[in-house]
Amino acid sequence: MGVTAPLVVLEALEKSYGEHYAVRGIDLEIRTGEFIAIMGPSGCGKSTTLRLIAGLEDPTGGDIRIGGVSQRGIPAHERNTPMVWQNLALFPFLTAEGNVEFPLRMKGVTTAERRDRAQGWLNRVGLTGYGDRRIDQLSGGQKQRVAIARALVTEPRILLLDEPLSALDAHLRVRMQTELARLHRELGITFIYVTHAQSEAFALADRVVIMSEGTICQIGRPQDVYRAPKNAFVADFIGMNNLISGNVMGEANGVATLEGPLGRFAVPASKTPPVAGSAVRFVVAADQIDIKLADDPTAATLPVEGTVLGLEFVGSSMTVFVDVSGSPEFRVQKSQHEIEALGLVPGRKVRLGWQSRHAWLLPA
Amino acid sequence: MKNRPASMAAYLLQRIYLLLLFVFLATPMLIILVFSFDRNRFPSIPWGGFSLAWHQAIWTDSLVVDALWNSVLIAIGTAIISTALGFVAAYVDYRYRFRGQGLFVGLIAMPPAVPASILGMAMLAFLSRIGYSGRIDTIIACHVALATSFSMAIIRLRLGEIGSELEQAAWNLGASRFRAIVSVVVPFCRQSLIASFFLAAAISFDEFMIAWFVGGVHETISVRILNLLQGQVNPKINAIGTVVLLVSVVLVVVAQRFTRLHPPSGQLY
């Protein structure tokens, strides 16, 4: 396919309100057809970034280029960057079809064509026959579909989604997630998806962008961000990671030796070797932790001792929370039958360990 | 059943309140209505029998008919202009944040708080100086100053429910600022605009003092009633009263019908 120019380029993009910075000079390139998820805790600047792309806010610095064209001075209504809103923002005084027709009406499309195209999109999102319904006569999922049809009816190159599924219940969220993935595949346009839910971002996105306090912490494929978080914030935000701290004792053949409250560990050193004596942290993903009962004779090889605090179902797998003295609690993710085979209940003594190649040293 | 006596007392008080309301408000109106159909020249008991004479008489009295026509014209003019101004004021207050915003809203809200006689006198003094008194549109202008306050209040209430996203969604979907107002904000406020229209019309239709001060030779129906009363006691008064009452009640009831806030049936949009 050759090298294609990125569709959306954010260049040192900045937005401040007086003294407060919502976005602090971020750079990001988004390719045509890419599904990109921007995630982070509330107030990290992810929604502001989306609103800047849509032209609903004016940047205080930097630039946004879409298809090579600087968006500076282009008002929101001339951008064709429709957005699916967290609260949907459907027009309550219009029917479902009236809502879908709205952007076409603003563009001056003739009545007959408007009807055809709106009907086509209502069919496409599975709302055939619902065109005449008032918005308050639709269920949550149906409203969601109207909002998506309304955003896509002008056949934009970019679709912006601001936490679009957060208002839905869990069951519906998973279904809509599948449908969004299908739409993205079929349309081949760029989706920019803002969410604080890691599961949505990881399930849908080609690349995820993790933001904190107005800056980008990491950009990468979901699996890379998961396995190799760039810093403690990302590791912590991703959630299913254990952070272990220690002091660097020495480094040889790309392996650093650390000593911390939990003991002495060998950790593969990243490209820049850590300075001896410095305090560092490393990460072990929750599903890479081995867990055995403390009274199991083979458990002696596992270095960390702890007490089970509780168990939590996560779909087909289970998370075990383990209290370890001298460290924040450990999270261990295993399949349900493994956990049941061990007979883990709160209060049981366990030992934890991991293969050193699964440890990821965070850059200092 | 601890609070039973309390709720009983509340119930009783409610009933007493309603009763007093009927005695002091509804009864006089009812009396006017009843005696407007009385054949007797002077309202007295027993009733002199049913007659439409007084009702017919008012439609042949050109002073009354003119005054009624003036009132209708002024009410419609006031309703249109103060609804438009009230909407603009409410929208400005909703959309923008600026220095002196409280003062801006306060100024528009103030006229009803000023005694009507003072308002009327002040308006006459001002308008006669600039040579703009004694015309139909003078009365409209003064009624607009009064009614815009109510229009803004009603429309502001509804605009408070719109949230910040709806208008932005319109921009995002290709509507310019102006089109977003026309295609989204106005339809969203439709009910309150209708309510404002009828309420402003009712206010204007019932208003006496200002119309009397600034109207000059142009009488509105309420001014005509007073002038009639100042002359001899005329049984036509009851008939006029009945018509005015009917018009006012209809206007207010319609306005009321559209001011009802929307029940929180889940999400608004």
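Chain identifiers are assigned alphabetically (A, B, ...) following the order of the sequence lines, protein sequences preceding nucleic acid strands; residue numbering begins at 1 within each chain.
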Subject >> Euclidean distance, A:Phe93 CZ relative to B:Cys189 SG, rounded to 0.5 Å >> reply: 9.5 Å

**OP:** Would you indicate whether B:Arg95, at its atom CZ, is surrounded by more than 12 heavy atoms from other residues, nucleotides or ligands within a distance under 6.0 Å?
**Re:** yes

Subject >> Atom of A:Leu90, atom of B:Leu166 and distance for their closest heavy-atom approach >> reply: O-CD1, 3.2 Å

Original post:
Counting only heavy atoms not in A:Glu213, do more than 12 sit closer than 6.0 Å to its CD atom?
Top reply: no

Original post:
At a heavy-atom separation under 4.5 Å, does B:Ala180 approach chain A through its side chain, its backbone, both, or neither?
Top reply: neither

**OP:** First locate atom CG of B:Leu173, then atom CE of A:Met83, and finally report the distance between them rounded to the nearest 0.5 Å.
**Re:** 9.5 Å

Subject >> Min side-chain heavy-atom separation B:Gln168-A:Arg51 under 4.5 Å >> reply: yes

**OP:** Of all the heavy-atom pairs spanning B:Asn172 and A:Ala54, show the shortest one and how long it is.
**Re:** ND2-CB, 3.8 Å

**OP:** Identify which of A:Glu78, A:Arg150, A:Arg79 forms the greatest number of heavy-atom pairs closer than 4.5 Å to chain B.
**Re:** A:Arg150

Original post:
If you count the non-hydrogen atoms of other residues, nucleotides and ligands that lie under 6.0 Å from OH in A:Tyr21, is the total more than 12?
Top reply: no

Original post:
Do any of residues 95-132 of chain A come closer than 4.5 Å to chain B, heavy atom to heavy atom, and if so which ones, in number order?
Top reply: A:Phe102, A:Pro103, A:Arg105, A:Met106

**OP:** Verify the neighbour count for atom OH of B:Tyr17: are there more than 12 heavy atoms of other residues, nucleotides or ligands below 6.0 Å?
**Re:** no

Original post:
Closest approach of B:Trp171 and A:Leu56, non-hydrogen atoms and distance?
Top reply: CE3-CD2, 4.0 Å

Original post:
Are more than 12 heavy atoms from other residues, nucleotides or ligands located less than 6.0 Å from atom OH of B:Tyr132?
Top reply: yes

Subject >> More than 12 heavy atoms of other groups within 6.0 Å of B:Phe98 CZ >> reply: yes

Original post:
Would you say A:Arg182 has more than 12 foreign heavy atoms packed within less than 6.0 Å of its CZ?
Top reply: yes

Original post:
Contact part of A:Pro82 toward chain B, heavy-atom cut-off under 4.5 Å: side chain, backbone, both or neither?
Top reply: both

